[in-house]
2 protein chains.
Amino acid sequence: MTEVTLKEVARAAGCSVATVSRVLGGTRPVGPEIALRVKEAAERLGYRPNQVARALRSRSTGTIGLVLPQITNPFFPSLVREVEHALHAEGRALLLADCDDDPATEAARITALLDRQVDALLVIPVDETHSRDAVTAAAARVPLVLLDRGCGTGTADLVATDNASGMALVLEHLAAVGRRRVCYVGAGGRDTAAVERLAAYRAGAGALDPEAPGRVELGDFSWEWGRAAADRILPFRPDAVVCANDLIAIGVLQRLRQLGVDAPGEIGVTGFDDVPMVGLVDPALTTVRQPVRELAAEAAQLLAGRLNGQRDAPRRSVRLAPELVVRASSAPPRAASARQAASTRPPEEDQ
Amino acid sequence: MTEVTLKEVARAAGCSVATVSRVLGGTRPVGPEIALRVKEAAERLGYRPNQVARALRSRSTGTIGLVLPQITNPFFPSLVREVEHALHAEGRALLLADCDDDPATEAARITALLDRQVDALLVIPVDETHSRDAVTAAAARVPLVLLDRGCGTGTADLVATDNASGMALVLEHLAAVGRRRVCYVGAGGRDTAAVERLAAYRAGAGALDPEAPGRVELGDFSWEWGRAAADRILPFRPDAVVCANDLIAIGVLQRLRQLGVDAPGEIGVTGFDDVPMVGLVDPALTTVRQPVRELAAEAAQLLAGRLNGQRDAPRRSVRLAPELVVRASSAPPRAASARQAASTRPPEEDQ
DNA sequence: TTGAGGCGGGAAATCGTTCTCCCGTAAACT
DNA sequence: AGTTTACGGGAGAACGATTTCCCGCCTCAA
């Protein structure tokens with residue numbers, strides 16, 4: 001009554017375990033009358049194959065490890081959700097590991113997952129440089145796809161948002177609504193999200209104003225930093241603040257409001273990620289939406305490919321284009337000329 | 001070079017696999033010189049025990065399944081984080097399953113995890129009634145702890161916040177700041193969070209105002225509903241709105257501001273959960289903080305107990321007391337008498 | 001009629017552990 | 001001295017599936 005095994009099904013169906021395995025797995029043709037008896041017996045006994053035994057024999061657990069910096073970072077839950085759905089749709093399961101933003105914990109989690117014989121790993125690295133050793137070591141043992149963030153170059157497959165083009169979209173948009181005196185509130189972390197967005201800002205802001213690439217304040221990805229940064233960028237007298245993610249942008253907006261600065265009338269603000277909570281700030285935040293579902297789907301597909309023999313295909317690096325979501329926080333400034341305002345679509349209403 | 005097994009370590013150390021297993025597992029005393037040779041060989045070869053084989057033999061995977069309604073619900077990430085840390089600290093791993101708020105998916109995920117031979121399950125049920133069958137069936141096969149939400153009575157162990165006392169704290173507090181004309185914006189879902197909070201409101205609100213228990217609007221746990229509900233409760237002319245969770249409260253606050261209603265001057269608002277984003281609304285939200293870490297720790301400990309033989313101990317139901325966090329959104333109303341205001345601690349500053 | 005080939009089915013090896021026997025030898029007791 | 005423990009160690013049976021052989025039978029062609 002405890003656990004129905006192949007052997008018991010075999011006895012009930014009056015045949016050998018090999019035959020039962022073949023019927024249930026469809027591995028080899030089996031005579032129709034025996035096949036029926038087997039299926040019936042399995043059904044009647046409520047047989048469920050033991051995945052552990054199956055894994056031991058076939059050297060595949062059907063399990064994928066996901067290692068991420070901090071599940072409490074509001075960008076990750078939706079990504080985790082999509083990954084979970086993509087994997088379960090293929091009959092795989094997800095082992096989740098949270099690193100607390102600490103590279104040492106990350107390394108420990110990775111080896112723990114490898115010990116559990118995961119078929120593959122999805123890793124969102126904590127730190128571009130400090131994560132590298134653990135990631136490359138792991139990539140030598142199982143297929144490994146870096147997700148959302150890179151980690152050195154060429155160490156593993158990568159599926160991430162194209163941060164550079166996202167930032168370019170933001171800068172183009174700001175130019176279109178007539179903002180020139182932009183500045184940047186970013187994160188000083190060594191993860192690629194922080195690094196690439198900053199680099200893209202520096203590369204693109206010069207087109208708006210030669211001084212703009214220099215007007216940069218770096219902290220972390222929190223709204224507390226956004227609040228603090230607001231005070232530090234005011235001396236620049238900017239007409240737009242480009243933020244490295246939504247949390248920072250929200251903090252900036254809050255502090256500006258507190259200081260009585262009109263946004264977007266006086267200063268426009270943009271974010272990055274389009275996390276759910278941008279829907280509740282006022283003014284609604286213009287931001288760059290990461291293609292979360294597509295990231296997850298692409299990563300899952302890449303993994304599936306690696307697991308089906310394409311183990312030694314060349315490393316792939318997939319960049320998915322993000323989408324600019326224009327909302328109220330970057331509406332044309334009060335002082336904008338009529339020409340510019342007319343040539344621009346009005347920001348969409350707060351959803 | 002692919003995978004170091006016990007057999008290879010045994011050969012390198014010049015002894016049998018049984019001995020190696022005993023040395024590494026500490027199962028039985030082994031002669032000191034052989035023990036040293038074994039440890040050295042294992043170290044040198046970089047031996048890592050295959051957890052799958054170990055699981056098959058010892059009938060324990062060291063793996064725990066966590067089944068939750070929606071990881072994108074902002075209350076869950078911190079809970080998941082604490083659970084993950086608690087489990088990894090004991091050398092276990094976490095299989096995560098997201099149900100999309102759908103009982104059918106929930107049932108499928110549960111059986112998928114059981115097929116994977118999880119040692120135990122943590123379940124945050126989607127629906128008090130529709131989740132019941134799957135949960136009781138699963139509880140018959142492995143230790144199962146319901147987390148944060150119940151599911152019928154007596155079907156499994158339970159670790160949750162004491163919603164009733166949390167709601168009581170809110171009502172007491174509102175009384176203390178001199179608010180009487182309260183109403184409730186809740187969720188009509190069949191999960192216990194919704195049900196218990198509503199019941200506690202109905203039970204306690206009568207002490208403030210005989211009419212209060214009747215002033216109830218039910219929707220779901222979203223801030224969209226909070227916005228909509230704000231319009232529906234205004235005809236009550238309340239001086240306080242008690243919300244079933246923080247998202248609803250945030251929506252209510254937003255809509256009130258939009259309508260030009262002064263909060264907390266005219267209407268006080270309270271939430272429930274203390275999710276991170278309450279830090280960024282204005283006025284800062286008075287809410288009930290769930291003891292997330294303690295919930296996770298208690299659940300992990302309960303599981304550990306069940307896994308160490310106390311399989312048949314009587315079902316436990318642990319309720320942890322939440323804590324009222326007083327912030328600006330429930331400050332005494334403008335019209336409050338000096339007597340009441342004086343007898344009340346001023347709301348703490350926005351953190 | 002007979003040998004080759006296909007096909008349905010079973011026996012048993014295998015995956016990498018853990019754990020139960022069992023066997024020697026040395027120490028301790030009668 | 002003889003018998004019993006105690007103990008260190010090995011051989012091998014599980015665990016529950018998959019998979020490789022191999023065998024008997026039936027069919028078809030020579």
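Here the structure is a predicted model, which is why all the values come from computation and not from measurement. To find a chain, count down the sequence lines: A is the first, B the second, and so on, and within it residues start at 1. The figures here come from the full heavy-atom set of this structure, side chains too, leaving out hydrogens, waters and symmetry mates.
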Residues forming a side-chain hydrogen bond (donor to acceptor under 3.5 Å, both in side chains) with [X], sequence neighbours excluded:
X	value
B:Arg293	B:Glu82
A:Gln51	A:Arg54
B:His85	A:Asp100, A:Arg109

>> Pair B:Leu94, A:Leu95 - check side-chain contact (heavy atoms from CB on, under 4.5 Å), show working.
In response: CA-CA 6 Å; B:Leu94 178 67; A:Leu95 275 168; 5.6 Å; no
>> Using OP1 and OP2 only, check whether a side-chain N or O of B:Arg59 sits under 4.0 Å from D:dG16.
In response: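 Yes, B:Arg59 has a side-chain N/O under 4.0 Å of OP1/OP2 on D:dG16.
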> With nearest nucleotides of DNA chain D determined for B:Ser58 and B:Val30 from heavy-atom distances, which residue corresponds to the more 5′ nucleotide?
Replying inline: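 The residue mapped nearer the 5' terminus is B:Val30.
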> Which ones in residues 34-44 of chain A lie close to DNA chain C, meaning a heavy atom under 4.0 Å from one of its atoms?
Replying inline: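 Within this stretch, A:Ile34 sit under 4.0 Å of the strand.
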> Near DNA chain C, which residues from residues 10-25 of chain A have a heavy atom under 4.0 Å away?
Replying inline: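 Within this stretch, A:Cys15, A:Ser16, A:Ala18, A:Thr19, A:Arg22 sit under 4.0 Å of the strand.
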>> Tell me whether B:Arg190 is salt-bridged to B:Asp127, with the criterion being a basic N under 4.0 Å from an acidic carboxylate O.
In response: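 Result for this pair is no, no salt bridge flagged.
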Spacing between [X] atom [atom1] and [N] atom [atom2], to the nearest angstrom:
X	N	atom1	atom2	result
B:Leu56	D:dA17	CG	C1'	8 Å
B:Arg54	D:dG16	CZ	P	18 Å
A:Leu6	D:dT19	CG	C1'	13 Å

>> Apply side-chain hydrogen bond (donor to acceptor under 3.5 Å, both in side chains) to residues B:Ser131 and B:Glu106 and explain how you reach the verdict.
In response: CA-CA 8 Å; B:Ser131 296; B:Glu106 181 178 60; 2.5 Å; yes
> Looking only at heavy atoms, what is the nearest atom pair of A:Val142 and A:Val118, with distance?
Replying inline: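 Scanning both residues, the minimum pair turns out to be CG1-O, 3.7 Å.
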> Which atom pair, heavy atoms only, marks the closest approach of B:Phe76 to B:Ile71?
Replying inline: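 In this case the closest contact between B:Phe76 and B:Ile71 is CB-O, 4.5 Å.
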>> Quick one about B:Thr61 and B:Gln117 (side-chain donor to acceptor, distance below 3.5 Å, no hydrogens or angles considered), yes or no?
In response: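 There is no such pair between these side chains.
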> Taking for each residue the nucleotide of DNA chain C with the nearest heavy atom, is it A:Ala53 or A:Pro29 whose nucleotide lies nearer the 5' end?
Replying inline: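 Checking each residue's closest nucleotide, the 5'-ward one belongs to A:Pro29.
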>> Classify A:Arg28 by what it touches in the nucleic acid, base, sugar-phosphate, or nothing, heavy-atom distance under 4.0 Å.
In response: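 Since a base atom lies under 4.0 Å of A:Arg28, the category is base.
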> So where does chain B start and stop touching DNA chain C, 5' to 3', when the test is distance under 4.0 Å to a non-hydrogen atom?
Replying inline: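 Result: C:dG16 to C:dC21.
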> Testing B:Val159, B:Ile124, B:Thr155, B:Leu121 for side chain to side chain contact (heavy atoms under 4.5 Å, CB included) with B:Leu146, which one passes?
Replying inline: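 So, applying the side chain to side chain contact (heavy atoms under 4.5 Å, CB included) to B:Leu146 and each of B:Val159, B:Ile124, B:Thr155, B:Leu121, only B:Thr155 qualifies.
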>> Go through it in stages, so that I can follow the logic: the residues are B:Thr161 and B:Gln290, the test is side-chain hydrogen bond (donor to acceptor under 3.5 Å, both in side chains), and I'd like the CA-CA distance, side-chain angles, deciding distance and then a yes or no.
In response: CA-CA 6 Å; B:Thr161 297; B:Gln290 295 208 42; 2.5 Å; yes
